[in-house]
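This report refers to the structure that appears directly beneath it.
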Amino acid sequence: MARCRLLLFVAALSSIFGLLHASAGEADPIYSACVDQCEKTGCVGDECSQHCNFTSGGIPIDGPWYLQEPLYLRWKQWDCLSDCRYHCMLAREDEREKVGLKPVKYHGKWPFQRVNGIQEPVSAALSALNLAVQFHGWVSFFIFVNYKLPFRPNKKPFYEYTGLWHIYAIFAMNSCFWSVVFHSRYVDLTEKLDCSSAVALLGFSLILAVLRVFNVTDEAARVMVSALLVAFVTTHILYLNCYQLDYVTILYDSLGSLDFMNVSKCCRVGKLMLLDHTAGLNMKVCLGMGILQLILWVVWAGVTRHPSRWKLWVVVIGGALAALLEIYDFPPYRGFVDAHALWHATTIPLTFLWWSFVRDDSEFRTTTLIKKAK
């Protein structure tokens, strides 16, 4: 009898934690019943999923071999369950809208409208545009340094930070690329790659800020400074991807508390309708590295009276204001444009202005060194 009571207690406790781990949408019994029914029939109203005719390996349950889903579509990893969740979510949101209820999150995500299988089409498109702007900025910097500025007698640029900015461009474009992939289809792998790439970019940006602000040109000193930050960022990325922690999660929806899912791009780790230890630590690390380098750039530009300091200040102030969009989370307008999409939109002109400052800095530094040489 005691054993039976223990089993009942464990079952009840498990159900409680299951509810705590669910967002408002997936905890809705109507939504849950819809998903269960869809997995059996493959249809939600008039919407039927072709994925429910296949096993997890892509083999048709019944029908000829040519009904298999094409390979070029399988990368999206849509299956019967995910399709059922999507169609049930839209159906449930239509019902809620008719009775005047506001949208809620399902499995930690707002109800977005898919376009050709892309889950967040606007954010994906803006991330792709940001990638193009990063590439344009890098190419323009490369052409400016190599073809418009004078060289040293040893055929090397006067600007000692040229190589570092090239590496920065690689990190930035890599981060934008995985942002496109993640917003197209968020699964565990794309989520980890997006977050890890963002943290890596933030870490290298801090290294670059320290080296430029303190004018570290000696190679040995650069290695010493960079080694510490590289070790820290690498450890943090490994922690995010490999560390397993048993924790009690808190549903922010029920508390009406802060939503850390959109505090910054690199803090979108986990199924973040929840505030957990790992996500909280990641947020602190991201904010710490971001705020530190912003302070370094702003103070340095003011102290040195850099001729293009206004561009740097616009980027810093604009970036800080854009971060408010990440904190103020709201449902996507017409299922497409949410706060994070607007944040991506603001980064496009700021990125363009940032690379303009980098070109100006290379010219300013080159002119200063030539004057000293004379």
Side-chain angles (χ1 to χ4, degrees), residues 14-54 56 61 69 73 76-125 182-187 191 249-262 268 270-275 325-326 328-342:
S14 299
S15 65
I16 291 173
F17 280 108
L19 289 175
L20 285 175
H21 201 275
S23 55
E26 68 201 73
D28 185 348
I30 299 178
Y31 166 79
S32 300
C34 175
V35 173
D36 292 339
Q37 182 66 21
C38 175
E39 286 191 283
K40 296 175 183 177
T41 63
C43 296
V44 178
D46 296 332
E47 293 287 343
C48 294
S49 171
Q50 63 165 341
H51 296 94
C52 292
N53 295 322
F54 298 89
S56 59
I61 296 175
E69 187 176 36
L73 292 177
K76 298 175 183 177
Q77 296 188 22
W78 289 109
D79 54 22
C80 184
L81 176 60
S82 58
D83 252 5
C84 285
R85 286 177 173 176
Y86 173 72
H87 292 303
C88 286
M89 174 187 71
L90 294 185
R92 184 62 183 133
E93 282 303 305
D94 285 341
E95 295 172 357
R96 291 174 57 85
E97 185 179 3
K98 290 177 182 178
V99 296
L101 296 176
K102 295 182 179 179
V104 294
K105 291 187 176 182
Y106 296 80
H107 306 281
K109 301 291 185 181
W110 287 117
F112 285 94
Q113 292 276 358
R114 286 184 346 204
V115 176
N116 294 326
I118 298 176
Q119 287 181 282
E120 297 182 23
V122 175
S123 290
F182 172 70
H183 288 302
S184 298
R185 179 70 172 102
Y186 30 79
V187 295
E191 192 171 42
T249 53
I250 303 174
L251 184 62
Y252 87 93
D253 291 294
S254 62
L255 296 179
S257 185
L258 294 175
D259 175 13
F260 286 120
M261 185 180 74
N262 291 320
R268 289 169 61 95
K271 280 65 179 177
L272 294 186
M273 72 287 193
L274 306 171
L275 171 60
L325 291 171
E326 296 285 53
Y328 178 63
D329 190 28
F330 56 83
Y333 178 71
R334 295 188 179 275
F336 292 104
V337 181
D338 68 333
H340 190 66
L342 293 179

Practice task
Decide yes or no on side-chain contact (heavy atoms from CB on, under 4.5 Å) for Leu342 and Phe330, but give the supporting numbers first.
Solution key: CA-CA 11 Å; Leu342 293 179; Phe330 56 83; 3.7 Å; yes

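- The NE2 atom of His183 sits 3.5 Å away from atom NE2 of His340, with the distance rounded to the nearest 0.5 Å.
- Between the CD1 atom in Ile118 and the OG atom in Ser123 there is a gap of 11.5 Å [rounded to 0.5 Å].
- By the SG-distance test at 2.5 Å, a disulfide connects Cys38 to Cys84.
- Around the OH atom of Tyr333, the shell of radius 6.0 Å holds no more than 12 heavy atoms that belong to other residues, nucleotides or ligands.
- Side-chain contact between Asp338 and Phe112 is present, with heavy atoms from C-beta onward closer than 4.5 Å.
- Note that CG of Asp83 is 11.0 Å distant from SG of Cys43, once rounded to the nearest 0.5 Å.
- Remark: Glu191 CD to Phe182 CZ distance equals 4.5 Å, nearest 0.5 Å.
- No side-chain heavy atom of Arg92 sits under 4.5 Å from any side-chain heavy atom of Val35.
- Between Gln113 and Phe336 there is a side-chain heavy-atom pair separated by less than 4.5 Å.
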Handout entry: salt bridge (charged side-chain N to carboxylate O under 4.0 Å, His left out) between Arg96 and Glu93, worked out
Key = CA-CA 5 Å; Arg96 291 174 57 85; Glu93 282 303 305; 3.7 Å; yes

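- Contact record, Pro111 with Pro332: O-CG, 3.7 Å, taken as the closest heavy-atom pair.
- Atoms OH and CD, from Tyr86 and Gln119 in turn, are 9.0 Å apart once rounded to the nearest 0.5 Å.
- For the atom pair Cys34 SG and Met89 CE, the distance stands at 11.0 Å (nearest 0.5 Å).
- Side chain of Tyr186 to main chain of Lys109: no donor-acceptor pair is present (N/O by atom type, distance under 3.5 Å, no hydrogens or angles).
- Minimum interatomic distance between Pro103 and Trp110 (heavy atoms only, all atoms of both residues): O-CZ3, 3.5 Å.
- Crowding of Glu95 atom CD: a count of heavy atoms from other residues, nucleotides or ligands under 6.0 Å exceeding 12.
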